[in-house]
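All chains are named by letter (A, B, ...) in the order of the sequence lines, taking the proteins before the strands, and each is independently numbered beginning at 1. Note that the structure is predicted; figures quoted are calculated from it, not measured.
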Amino acid sequence: MELSTKYNPQETESKWLKFWKDKNVFHAEPAPSKKPFTIVIPPPNVTGILHMGHALNNTLQDILVRYKRMKGFEALWMPGTDHAGIATQNVVEKQLAKEGKSRHSVGRQEFLKRLWAWKEENGNTIISQLEKLGSSCDWPRTRFTMDDEYSEAVKEVFVLLYNKGLIYRGERIINWCPRCQTALSDEEAEHKDKNGKLYYIKYPISHPERSEGSLKKQHIIVATTRPETMLGDTAVAVNPKDERYIKFIDKTLVLPLVGREIKVISDDFVAAEFGTGAVKVTPAHDPNDFAMGQRHQLEIVNIMHPDASINEEGGPYKGLDRFEARKRIVADLEAQGLLVKIEDHKHAVAHCYRCETIVEPRLSKQWFVKMKPLAEPALEAVQKGQIKIHPGHWAKVYVNWMENIQDWCISRQIWWGHRVPVWYCVGDDHCQLKCKEPIVSKTAPEKCPHCGSKNLKQDEDVLDTWFSSWLWPFATLGWPKTNEDLKYFYPTDTLMTASEILFFWVARMVMAGYEFMGKKPFSDVLIHGTVRDAKGRKMSKSLGNAIDPLEIIEEYGADALRYSLIINSGQDIFISKEKFEIGRNFANKIWNASRLVFMNCGSILKEFSHSERNEESLNINRLDLPSRWIIARFYDTLQNVSRAIEEFRYSEAETLIQDFFWGNYCDWYLELVKAKFNDINIQKTALFVLKNALKIMHPFIPFVTEEIYSKLNTKDECLSIANWPELNEQLIDKVAAQQMQVILDSITAIRNIRAQWNIKPNESINAFVVTPGTWLRLLQENCADIQRLARIDQLNIDVKAVNLKNTATALVGTTYGAIKVFVPLEGIVDLESEKKRMNADIMEKKKSIDGLNARLNNPDFVSKAPVDVIAKEKERLGSLNKEVCELNSILANLS
RNA sequence: GGGCGGUUAGCUCAGUUUGGUUAGAGCAUCUGACUUACAUUCAGAAGGUCGAGGGUUCAAUUCCUUCACCGCCCACCA
């Protein structure tokens, strides 16, 4: 049972991936004797390729799931992918484009066939990449949002909500992506500040009143950022209180370039301060204008084709793209002297979140979900703390959104997705009246319920992808069917996600949970940061600053990737390639420490590896101080790490682990006991601590720990399903830490002295210990260790010699924690400079003393400060005075 | 425009909830060490007016307030 000299992450990782898979280690089943713990994965897009965001998100989930699994929960991590409507369709459309075809040219059926073929071939890429990361999902359960069963859930929900009156069809201004040629929800339209222009255009009055006498008044100037939409103007609006325009209200204007006569209306919506205070009203192309149009019964003129080119309403501009039309219209206006000026204007422009195309507000008939009634319980759940969002400040963002929620446009004019389960009767003439009503049904109706016509047509649209993913926590468990899985694993426990999809997904899942299950979907939501490059920019392919997680896995291993990501995670994570070295180094450290222990504990390793409760063979009273200390330190770390995981403070948990394993176990414990490994108790302790440390490290760095554990313990099937260590109070020696500190301090003190005065290893050091006698014994007992680690040949410890005046040879010393170590310095150091240094030291201390005295003499302080604070200050004053005394007497000796 | 967060060492961040010794890490820098588990290592050092002003207090990095700068989210002012 030996470990190779060099750790090979790639080999080890593939070995354990195979093992886990073959043994189906991560499978979870309803188990009445155990408590369930459930996480559902935020389903990555089928088109997805593993990026750092995935790596972070899934590592966080994996840590928690592995921890809970070891804690004895029946831990289910439900994996799956999302069909990602527009994104996936885009991929296949691009393929078609290469063949010179379009989705329309091949037709809906053929296109869908292609999509499914693409999915079958490539849809699993992201899943296998997540697997590589070490994600302990129950992989055979992998769901896809367009699985048959899952689709049933989607249809069920549509019908339920429709029957409840919460889904309706309406003609509205929606966000339209001219490239994808589909509606987008408000959340899918990303607003970005753009430097645009504000165009001021003259709209002449059609019947100018000559009596006014002033030529200036013969037109109204309107300001717009989208001059091309003027082709669809059906009014100009002003604020009713705006005195400049009162006389124009109800007059008619001539729409330039078009010649249509339009009215001047008054509406409170118009802000007198903006632009000229007069707004052109284009009901078909702006949501506000649409609303105004409704209020004033204005005509609606749609001027664009779905691809945002101008339609026949645009007269001479017909066929032009919207931006081309804009240029031409501006030029034409200028030619006619109607363009007053163009100003720079910074404003938010909506872009398609998939293809970045500028969104065009467009009037169209879409399906909507009424959100207010759904939002109420979801809002309350967070406000009352039934669902906790971490970090807490995100709850405010959530509440803010929920309180201002708008209806959700769920229909999309694409083909990849769940087709809207609605049919229309297009049949026989004799029943037109009633048949206008849509037929909403989970299955295709045979005939129209009103007229009996069999000539039915299904709605062409599909549903927003999020309309399926908002059901994820229960639809993946089999809903709408009821089954054991659903009963046992729902509600899930923790949801981990990036802030970007808080509204898209998290908020809607909460609503769906309450609406369809009557229960919250999860209890905790952890919002983690975004992975950025070293300069703080988002990682993206287009910027070329992305670090490929697969490359890191290849080079350093998945362990290193995971460990480094987590330890660097604060809010956002700034990452450069070198940051991953820490993970690689730590895995290497674990490997080598284990090698050392294995090499030295060979005699009992076999026996040890067979027994589960090794602690029983540990007799705490027989252990030396370092062993008692490291065990106490382990249990301390165990508690802190457990707490940190439960409280979602993962980077802190890793820091605790690293401090313990690297800083205590390797740097101190193993160094201290290295020379004494023939002691069977030390062997036992070293193995015991190593084994348990592997357990608490495992969720964070699963592969290397699994590999070493497999050599250390042949009883468990594997570490992934081993038990999390339990606290064993009997093994904790409470004073060990304090005592050990004295040893560590003394070693450090002597090391300092050696370095400072350049003492050679073969020189002896007389350490005069100014501490209570008990510690003297401690130091004497551990003298050999101190000597070895401080790298001196001889260490003479003598408490009786602490009469500073008698050590006339001059002493110089160092104080470190509890002890002071003095060494003769004659011939070692320049006395004059040493005196100077000490004088400076004294001065500084005196200054502190003065400050303290002033405070302690302040009657306010004495009367108002708590007693313990005063006591501490007095104590400090005392010790400072003492130090000054000592220094003075040394100084006196020096002279 | 509304909301939320941040500003602590050269860099990345802890700490501040509940004010109280000398404000902590890691990386980077510098100095030492070839100590046979590990140079992917070990031991040290240096580095801070805790963004600025004001207030409360015996005491403020911590609480309150104003300001500056940075970031994020939301938003139909054309």
Side-chain angles (χ1 to χ4, degrees), chain A residues 3 5-7 173 186-187 191 198-199 222-226 229 237 269-271 273-282 286-291 345 347-348 350 361 391 393-394 396-397 399-401 404 406 499-500 502-503 529-530 534 536 556 560 567-576 578-579 581-600 649 651-652 655 658-659 666-667 670-671 674 747-748 751-752 754-756 758 761 788-791 844 848 852 855 858-866 868-870 872-873 875-877 879-880:
Chain A
L3 300 175
T5 26
K6 195 128 187 107
Y7 176 54
I173 299 280
D186 290 341
E187 288 70 34
H191 292 265
L198 192 57
Y199 303 85
V222 299
T224 179
T225 53
R226 293 187 296 153
T229 61
F269 164 77
V270 181
E273 318 81 56
F274 187 88
T276 59
V279 189
K280 58 192 266 319
V281 183
T282 324
D286 183 281
N288 294 311
D289 293 6
F290 180 76
H345 181 63
H347 64 138
H393 69 259
W394 285 105
K396 294 181 193 166
V397 180
V399 165
N400 195 280
W401 187 74
N404 299 299
Q406 302 293 313
S499 59
E500 290 106 78
L502 183 60
F503 306 132
T530 311
Y556 294 151
I567 206 155
N568 278 301
S569 64
Q571 295 221 335
D572 279 356
I573 303 174
F574 300 84
I575 265 318
S576 56
E578 309 83 67
K579 295 252 173 132
E581 287 171 9
I582 183 61
R584 177 197 60 176
N585 296 358
F586 188 53
N588 184 256
K589 191 74 186 175
I590 298 173
W591 185 260
N592 280 298
S594 305
R595 274 184 66 210
L596 175 71
V597 174
F598 279 37
M599 281 167 157
N600 286 289
R649 291 176 283 116
S651 79
E652 191 183 324
T655 308
Q658 193 179 306
D659 284 352
C666 294
D667 288 349
L670 292 182
E671 290 299 334
K674 229 181 204 173
I747 293 169
T748 312
R751 277 178 182 167
N752 283 351
R754 282 197 58 233
Q756 206 169 343
N758 201 17
R788 191 162 49 80
L789 290 194
R791 288 185 33 81
E844 207 157 289
S848 306
L852 272 176
R855 183 181 291 189
N858 182 338
D860 280 332
F861 176 74
V862 177
S863 61
K864 285 175 188 164
D868 59 316
V869 172
I870 297 174
K872 269 183 198 165
E873 298 281 57
E875 205 178 295
R876 205 177 125 224
L877 182 67
S879 66
L880 273 171

Within the supplied structure, the quantity of interest is the number of heavy atoms (other residues, nucleotides, ligands) at a distance under 6.0 Å from A:Glu581 CD; does it exceed 12?
yes
Distance, C1' atom - from B:U49 to B:A45, rounded to whole angstrom
23 Å
Please give, in whole Å, the distance from B:U12 C1' to A:Glu578 CD?
13 Å
Could you measure between the two P atoms, the one in B:A14 and the one in B:U8, and give it in whole Å?
11 Å
Let me know, please, whether A:Ser499 or A:Thr276 comes out on the 5' side of the other along RNA chain B by nearest nucleotide.
A:Ser499
Using the P atom as the reference point in each nucleotide, state the distance between B:A46 and B:U41 in Å, no decimals.
23 Å
Tell me the interatomic distance from A:Ile173, atom CD1, to B:A78, atom P, rounded to whole angstroms.
16 Å
Between B:C42 and B:A59, how far apart are the C1' atoms? Round to whole Å, please.
42 Å
As a test of reading the structure: which of B:C76, B:A78, B:U40 is closest to the side chain of A:Asn288, going by heavy atoms?
B:C76
Categorize A:Asn858 for me: base, sugar-phosphate, or nothing, with a 4.0 angstrom heavy-atom threshold over every strand shown.
sugar-phosphate
Grab the two heavy atoms, one from A:Tyr199 and one from A:Thr225, that are nearest each other, plus how far apart they are.
CE1-O, 4.0 Å
Might you point out which heavy atoms bring A:Ala593 and A:Leu670 nearest each other, and give the distance in Å?
CB-CD1, 3.9 Å
Does the base of B:A37 carry an N or O that pairs as donor and acceptor with the side chain of A:Glu671 under 3.5 Å?
yes
Among B:U35, B:A37, B:A78, the one nearest any side-chain atom of A:Ala593 is B:A37
Remember a base hit wins even if backbone is also touched, and classify A:Lys674 as base, sugar-phosphate or nothing at under 4.0 Å, heavy atoms.
base
Are OP1 or OP2 of B:C74 and a side-chain N or O of A:Lys396 less than 4.0 angstrom apart?
no
Identify all stems in which RNA chain B takes part, counting only runs of at least 3 consecutive pairs (Watson-Crick or G-U wobble, each distance under 3.5 Å), and give each as one range with another, ordered by first number.
B:1-7 with B:68-74, B:10-13 with B:24-27, B:29-33 with B:41-45, B:51-55 with B:63-67
Rounded distance (Å) that lies between atom C1' of B:A37 and atom CZ of A:Arg595:
5 Å
A:Asp286 side chain near A:Arg226 side chain, heavy-atom distance below 4.5 Å:
yes
How would nucleotides 18-32 of chain B be written as a contact map, 5' to 3', with B for base contact, S for sugar-phosphate-only contact and - for no contact, using protein heavy atoms under 4.0 Å?
--BBS----------
Tell me the interatomic distance from A:His393, atom NE2, to B:U17, atom C1', rounded to whole angstroms.
16 Å
I'd like the P distance from B:A68 over to B:A23, given in whole Å.
32 Å
Please report the interatomic distance NZ(A:Lys864) to CD1(A:Ile870), rounded to the nearest 0.5 Å.
12.0 Å
Scan A:Tyr7 against the nucleic acid and name what it touches under 4.0 Å (heavy atoms): base, sugar-phosphate only, or nothing.
nothing
Nearest whole angstrom, please: distance from the P of B:U41 to the CG of A:Leu596.
16 Å
Whole-Å gap separating C1' (B:C38) and CG (A:Asn588):
6 Å
I'd like the C1' distance from B:G32 over to B:A9, given in whole Å.
23 Å
Take A:Asn592 and A:Leu596, measure what side chain to side chain contact (heavy atoms under 4.5 Å, CB included) needs, and give me the verdict at the end.
CA-CA 6 Å; A:Asn592 280 298; A:Leu596 175 71; over 6 Å; no
B:U17 and B:U12: how far apart are their P atoms, nearest whole angstrom?
25 Å
Could you tell me the separation between the CG atom of A:Asp667 and the C1' atom of B:U40, rounded to a whole number of Å?
14 Å
So A:Phe586 and A:Ile567, do their side chains get closer than 4.5 Å, heavy atoms only?
no
CD on A:Glu671 to NZ on A:Lys674, rounded to 0.5 Å
4.0 Å
May I have the distance from A:Leu502 (atom CG) to B:G5 (atom P), rounded to whole angstrom?
15 Å
Atom C1', compared across B:C11 and B:A28: separation rounded to whole Å
7 Å
Using a 4.0 Å heavy-atom cut-off across all strands, classify A:Asp868 as base, sugar-phosphate, or nothing.
nothing
Sidechain N-carboxylate O distance under 4.0 Å for A:Lys872, A:Glu875:
no
Less than 3.5 Å apart, any donor N or O on the side chain of A:Arg855 or A:Asn858 sitting next to an acceptor on the other?
no
Of A:Trp401 and A:Met599, the one whose closest nucleotide on RNA chain B sits nearer the 5' end is A:Met599
Is any side-chain heavy atom of A:Thr229 less than 4.5 Å from a side-chain heavy atom of A:Lys280?
yes
Between B:C76, B:C74, B:C38, spot the one nearest the side chain of A:Pro287, thanks.
B:C76
Check: A:Leu3 and A:Met599 side chains under 4.5 Å, non-hydrogen atoms:
no
Are any of A:Asn585's side-chain N or O atoms less than 4.0 Å away from OP1 or OP2 of B:U41?
yes
Within the 4.0 Å heavy-atom criterion, would you say A:Glu500 contacts the bases, only the backbone, or no part of the nucleic acid?
nothing
